Amino acid sequence: MRRTLLLSLLRPPLTEKAPRPGDAAVAELAASVERAARRRLGRSLSIREVDAGSCNGCELEIHALNNAFYDLERFGIRFVASPRHADVLMVTGPVTKNMREALERTYQATPDPKWVVAVGDCARDGGLFAGSYAITGGVSEVVPVDLHIRGCPPTPTQLLEGLLALLEAGSGGRNGQMP
Ligand code: SF4
């Protein structure tokens, strides 16, 4: 017992190292996304997240975009509660049969022009759950998808890179004309 106490005093903590404040690469990437959003939309970018049946791993990474490290809102990008206020639908998970109609209705409720971003391997083709009796398949089986961001789960930096690629590509094709 005495030895354990002594070791706990001498050893460094086992927790992850704190991230460097204001990581320059992430800040630059987010600022590029903001500039591209303003150029395309003339305003900030609003994202509605839809969990169509994920394991929540992708949600943890998406939520990280709002933490003090990534602090996405400072770049004019925000998550909104209603699809009626959204420019982008960010969809995770394989689309379960139970969520198919909800996803279709959310898509219909989002005004044009709109983009759909499928996040994670499950959203691309069912991922780990491919072939399950409970799923319809990837997101593109239900609504048109403009961009797939791969990973299980993708990191917040990959999510930002995906948003930037989407905005820079100016893909308005299937979901409406971009201004
Ligand atoms: S891609 Fe991976 S982390 Fe994301 S919902 Fe599927 S299993 Fe979970």
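Just so you know, ligand 1 is whichever comes first in the structure, and atom 1 is the first atom listed for that ligand. The shown structure was predicted, so the numbers you read here are calculated from the model rather than taken from an experiment.
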Determine which pairs satisfy side chain to side chain donor-acceptor pair (under 3.5 Å) with at least one residue from residues 91-100, sequence neighbours left out, and list them in order.
E49-T92, E59-T92, R100-E104

Hey, which of V142, L89, V139 is the one that makes side chain to side chain contact (heavy atoms under 4.5 Å, CB included) with Y107?
L89

When hydrophobic residues are tied together by side-chain contacts of less than 4.5 Å, even through go-betweens, does F129 share a cluster with V119?
no

Checking I135, D125, L128 against P94 for side chain to side chain contact (heavy atoms under 4.5 Å, CB included), the one that qualifies is I135

Numbered in order shown, the ligand 1 atoms found under 4.0 Å of a heavy atom of L128 are 7 (S)

For distances below 2.8 Å, what is the count of protein N, O or S atoms around atom 4 (Fe) of ligand 1?
1

Let's go through H85 and R48 carefully: what are the C-alpha distance in whole Å and the side-chain angles of both, what is the deciding distance for side-chain contact (heavy atoms from CB on, under 4.5 Å) to 0.1 Å, and is it a yes or a no?
CA-CA 8 Å; H85 300 156; R48 166 69 183 166; over 6 Å; no

Rounded to the nearest 0.5 Å, what separates atom CG in L163 from atom CE in M90?
4.5 Å

